[in-house]
Amino acid sequence: QVKTFLQESRELLLQMARAVGIHESIAQDIKFISDISYGVESMKSYVKIIHSRISKDPSNVNLLQGFFLKLSNSLDGPVVRLKQLKSPEVERVTGYYSSQLVAFVRNVLEIVPVSVFGILVQISDIFERRLQRLPLKIQGDKLGAYAQLGERYKLSMMAHEISIFADGVLSMDNSIIGGIEINPRKLLDEGLRKEMVRHVSELLYNLLQFDFAADSELTVASITKNQAAAMRSLASLSRRLQGFQSALECIEDYVSIHGLKMWHEEFSRIISYNVEQEVNKYLLKKVLDADSAFQSEIVPIPRFPRTQNEPTCINFMGRMVSMLIKITDTQYTTFSIEKSGWFMSDGTEVCGLKTVSLLRQAVGVYGLTGIDRLLCYRILHELHRFVKFFRTNVTKQGVLLEQLRDELYPEWKTPTKAVSIYASGSKKAEMLMLPMLTCFRRIGQAQLLRRMIRFELGRCSRIDAKTLLQSVSTLNASILSSENPFEESPPELKKFCDMSLAVGLGDPLQTVFMATDPLEG
C-alpha cells in the first residue's frame, strides 16, 4: 500500500510539474481552441435535442454541468476589447450577456420541472380517482380491499422517476456565469412553481365557468339549474386541487422542496393577483401587470380571455361573485335569518352554509377572503352611486318631500285622508324610490353574503386553527385597548387586518366603507 501511495503521489507531482511548465503561448492556444463564443447562437437549436434526450433518460441531466461551465466561457469574447480598453461599460455589458445566458440555462433546465409536473399530474389523478381514503380503523378481513397494491406500485414507480430527475439537478454544483451565480436547486424550485401556477390557473379558468348567459333573463328554473351545475363545478374543482396538494406532499422529499409551503404561497398569489385584476373595474387608476406586487417574470401568472357568458367579469374570481349574486337574486329568492340561507318560493335552498362550505373547499380561505374583498368594492361602488343620485335628484325634490312630511305630521297619528295622501305621495316619489330601492337591495345582498363568508371562516378557524384564532383575538384586544391604536405602521396594520379576516373576526355589518358629508334632508 505504501508503494502504491508513493507511485500515485509521483504521478500527481509529475502532472503538476508538466502543468506548471506549460508555455504561455500554449495556454493561449488552448484558450482559443476551447472558446465557444462563436457557437452561442447555434446552441439554441440544440435545446429540443437536449430536452428529448433528458425525457428519454433522466440521468442525462448530470451531463449538463460541463455544458454550462463551457457556456460560461463564451462571455469573454464580447467584452475582451472592452477590458483591454478598460471601459467603464464592462460591467453593464457583462451583466447583459450574463442575464441572457442565465435565461438560456433556465430554458434548458425547464424540461426537468415540466417532466416532473407531468408525472405529478398522473400522481394527483391516482390520489383523486383511484386511491381509496384510509379510515381511522380497518377490520382485518377488509385490509386487502384497501391495499390497492397495483396503484401503490404505480405511485412508487412515478416517485422513483421523479427522484431521478431531481437527483440530476440537485447533484449539480453552483455555477457562476459572468457575475451571476446559478443555483440548480433554486432553478428547480422556480420551475416547479411556474408549472404549478400554470396548471392551477388553467384548472381554475376551465372549471369556474358558469352557464349564466349574459343576454338571457333569470328565471326560477334557470337559477335552480345553474345553481346545481355550479355546485358540481365547485365539487370537481375541490377534488382536483386536493389531488394536486396530496401529490405535492407525496413527492416533496424526493425533490427536496417544501411542497405544502409552495402550494400555499403560489395559490394565495394566484388568488390575490386575480382579485387585484378584478378590482380594476371599480378603480380609476388601474393596476397593470408591471405594477402588480403578485406578478413575476420568472414565475408568471397567466391571463385568460373573458368568457362569452359573462364578458363583464375579468377572471374566475369575478365569475364566482357573479354566480353568488345571481343565485341569490332578490327578485326570486328570500333570505332566512333563522336558517342563514336563500330560499326559493317553494322552499328550495339555493345558497346556504353548505354552499359557502363547498366554496371554501374549492378555493380555500384565500378564495373566500378574495370574494369578501370583491363584495366590499361592489358595496362601495353602490354607495358612491347612491350618494351621487341623492345629491343630483333627491335634493331637487326637497319641496315635495317637505310637503309630504307636513301632511304626515305628527308621525304617530294616522292622517285624516291617509289613502289619498299615501297614493299621491307614492306616485310622486316613485321615480326617486325605485333606484334607491335597487341600490339598498344590492348592498344588503352583498352584506348578507359577507356575513355568511365571515361565519364560515370563523367556524373553520375554531376547528383547524384554534391557537391562531386566540392569538389574533388577543392581539386585536390589546391594540384596541392601547392609548394609540394606530401607532403601528400601515403595512403591519394591513397584515393584521388580513389575518383577522382570515380567522373570521369582526362583524361585516359594522364595516365603514366611505366618509361623506351629511346628506341634505
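All residue numbers refer to positions in the sequence shown, counting from 1. FYI, side chains are in, hydrogens and waters are out, and symmetry mates aren't considered; it's all heavy atoms of this structure.
Applying the ring-ring contact (aromatic ring centres under 6.0 Å, His included) criterion to Phe304, with sequence neighbours excluded, gives Tyr205. Not a single ring-ring contact (aromatic ring centres under 6.0 Å, His included) links Phe389 to another residue, sequence neighbours left out.
Taking each heavy atom of Asp507 and Arg454 in turn, the nearest pair found is N-NH1, 4.3 Å. A pairwise comparison of heavy atoms in Arg360 and Cys460 identifies NE-SG, 2.9 Å as the closest pair. Closest approach of Pro300 to Val197, counting heavy atoms only: O-CG1, 3.6 Å. When every heavy atom of Val275 is checked against every heavy atom of Gly370, the shortest pair comes out as CG2-CA, 3.7 Å. When every heavy atom of Val108 is checked against every heavy atom of Ile111, the shortest pair comes out as O-CG2, 3.4 Å.
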Would Glu310 and Arg319 count as a salt bridge (charged side-chain N to carboxylate O under 4.0 Å, His left out) here? Give the steps. CA-CA 7 Å; Glu310 295 182 271; Arg319 292 196 293 272; 5.2 Å; no
So Thr355 and Trp342, side chain to side chain contact (heavy atoms under 4.5 Å, CB included) or not? Walk me through it. CA-CA 10 Å; Thr355 305; Trp342 273 269; over 6 Å; no
Worked verdict on Arg185 versus Asp189 for salt bridge (charged side-chain N to carboxylate O under 4.0 Å, His left out): CA-CA 6 Å; Arg185 186 184 298 270; Asp189 181 81; over 6 Å; no
Would you please test Phe496 and Asn476 for side chain to side chain contact (heavy atoms under 4.5 Å, CB included) and show each step? CA-CA 8 Å; Phe496 171 71; Asn476 182 49; 3.5 Å; yes
Apply the test salt bridge (charged side-chain N to carboxylate O under 4.0 Å, His left out) to residues Glu202 and Arg198: give CA-CA distance (whole Å), side-chain angles for both, the deciding distance (0.1 Å), then the verdict. CA-CA 6 Å; Glu202 291 179 354; Arg198 185 175 67 84; 3.5 Å; yes
Report the C-alpha distance between Met323 and Lys326 in whole Å, list the side-chain angles of each, state the deciding distance to 0.1 Å, and finish with yes or no for side chain to side chain contact (heavy atoms under 4.5 Å, CB included). CA-CA 5 Å; Met323 179 268 295; Lys326 289 179 179 178; over 6 Å; no
Stepwise side chain to side chain contact (heavy atoms under 4.5 Å, CB included) check, Asp289 with Tyr273: CA-CA 9 Å; Asp289 280 6; Tyr273 171 77; 2.6 Å; yes
What verdict does the salt bridge (charged side-chain N to carboxylate O under 4.0 Å, His left out) test give for Glu382 and Arg385, after you've listed the backbone C-alpha separation in whole Å, the side-chain angles of each residue and the deciding distance to 0.1 Å? CA-CA 5 Å; Glu382 292 295 332; Arg385 290 180 57 188; 3.6 Å; yes
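Here Lys354 does not pair with Glu349 in a salt bridge; the nearest charged N to carboxylate O distance is not below 4.0 Å. The pair Arg106-Glu190 meets the salt-bridge criterion, with a side-chain N (NZ, NE, NH1 or NH2) lying under 4.0 Å from an Asp/Glu carboxylate O.
No more than 12 heavy atoms of other residues, nucleotides or ligands sit less than 6.0 Å from atom NZ of Lys225. More than 12 heavy atoms of other shown residues, nucleotides or ligands fall within 6.0 angstrom of atom NZ in Lys286. Enclosure of atom CD1 in Ile337 is not indicated, since only 12 or fewer non-hydrogen atoms of other residues, nucleotides or ligands lie within 6.0 angstrom. Atom CZ of Arg306 sits in a crowded spot, with more than 12 heavy atoms from other residues, nucleotides or ligands closer than 6.0 Å. Atom CE of Met499 sits in a sparse spot, with 12 or fewer heavy atoms from other residues, nucleotides or ligands closer than 6.0 Å.
At least one donor-acceptor pair under 3.5 Å links the side chain of Ser461 to the backbone N or O of Leu457. In terms of modelled atom types and a separation under 3.5 Å, the side chain of Asn315 and the main chain of Asn274 share a donor-acceptor contact. In this structure, Ser246 contributes its side chain and Gln242 its backbone to a donor-acceptor pair below 3.5 Å. One N or O on the side chain of Ser55 and one on the backbone of His51 form a donor-acceptor pair closer than 3.5 Å. Looking only at distances, no side-chain donor or acceptor of Asn107 sits under 3.5 Å from a matching main-chain atom of Ala103. A donor-acceptor pair under 3.5 Å is formed between the side chain of Gln295 and the backbone N or O of Ile301. Panel note: side chain Thr438, backbone Leu434; a donor-acceptor pair is recorded below 3.5 Å. Checked by atom type and distance alone, the side chain of Ser272 never pairs as donor or acceptor with a backbone atom of Arg269 at under 3.5 Å. A donor-acceptor pair is defined here as one N or O able to donate and one able to accept, closer than 3.5 Å; such a pair exists between the side chain of Asn309 and the backbone of Phe210. In this structure a side-chain-to-backbone donor-acceptor pair under 3.5 Å is missing from Gln227 to Ile327.
The distance from the SG atom of Cys351 to the CD1 atom of Ile325 is 9.5 Å, given to the nearest 0.5 Å. Atom CZ of residue Arg193 and atom CG of residue Leu188 lie 11.0 Å apart, to the nearest 0.5 angstrom. The OG atom of Ser124 sits 12.0 Å away from the CD1 atom of Ile119 when rounded to the nearest 0.5 Å. The distance from the CZ atom of Phe440 to the CE atom of Met433 is 9.0 Å, given to the nearest 0.5 Å. Atom NE2 of His264 sits about 10.5 Å away from atom CG of Leu248, to the nearest 0.5 Å. Taken from CG in Leu449 to CE in Met452, the straight-line distance is 7.0 Å, to the nearest 0.5 Å.
Under the 4.5 Å side-chain criterion, counting only non-hydrogen atoms from C-beta, Arg462 is in contact with Leu469. At a threshold of 4.5 Å between non-hydrogen side-chain atoms, the residues Leu353 and Phe455 count as touching. Within the 4.5 Å cutoff, the side chain of Lys154 has no heavy atoms near those of the Ile123 side chain. In this structure, the side chains of Ile371 and Arg450 stay at 4.5 Å or more apart for every pair of heavy atoms. Residues Phe294 and Ile270 are not in side-chain contact: their nearest non-hydrogen atoms beyond the backbone lie 4.5 Å or more apart. Here the side chains of Gln331 and Asp329 are in contact, with some heavy-atom distance below 4.5 Å. Residues Ile126 and Met158 form a side-chain contact, since some pair of their non-hydrogen atoms from C-beta on lies under 4.5 Å apart. Counting heavy atoms from C-beta outward, Ser201 and Arg303 have side chains that stay 4.5 Å or more apart.
Ring geometry, Tyr282 versus Tyr377: the interplanar angle falls under 30°, so the pair is classed parallel (tilted spans 30 to 60°). Taking the six-membered ring where the residue is Trp, Phe390 and Phe386 present tilted rings, their angle falling between 30° and 60°.
Judged by distance alone, the side chains of Arg391 and Thr516 do bring a donor and an acceptor atom under 3.5 Å apart. Under the 3.5 Å distance criterion, with hydrogens and angles disregarded, a donor-acceptor pair is assigned to the side chains of Thr348 and Asp346. Side-chain N/O atoms of Gln445 and Arg442 include no donor and acceptor closer than 3.5 Å.
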Throw together a table of side-chain donor-acceptor distances under 3.5 angstrom for residues 232-240, partners on residues two or more places apart or in other chains.
residue : atom : partner : partner atom : Å
Ser233  : OG   : Ala229  : O            : 3.1
Ser238  : OG   : Gln361  : O            : 3.3

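In summary, the aromatic rings of Phe335 and Phe343 are positioned with their centroids too far apart to meet the 6.0 Å limit.
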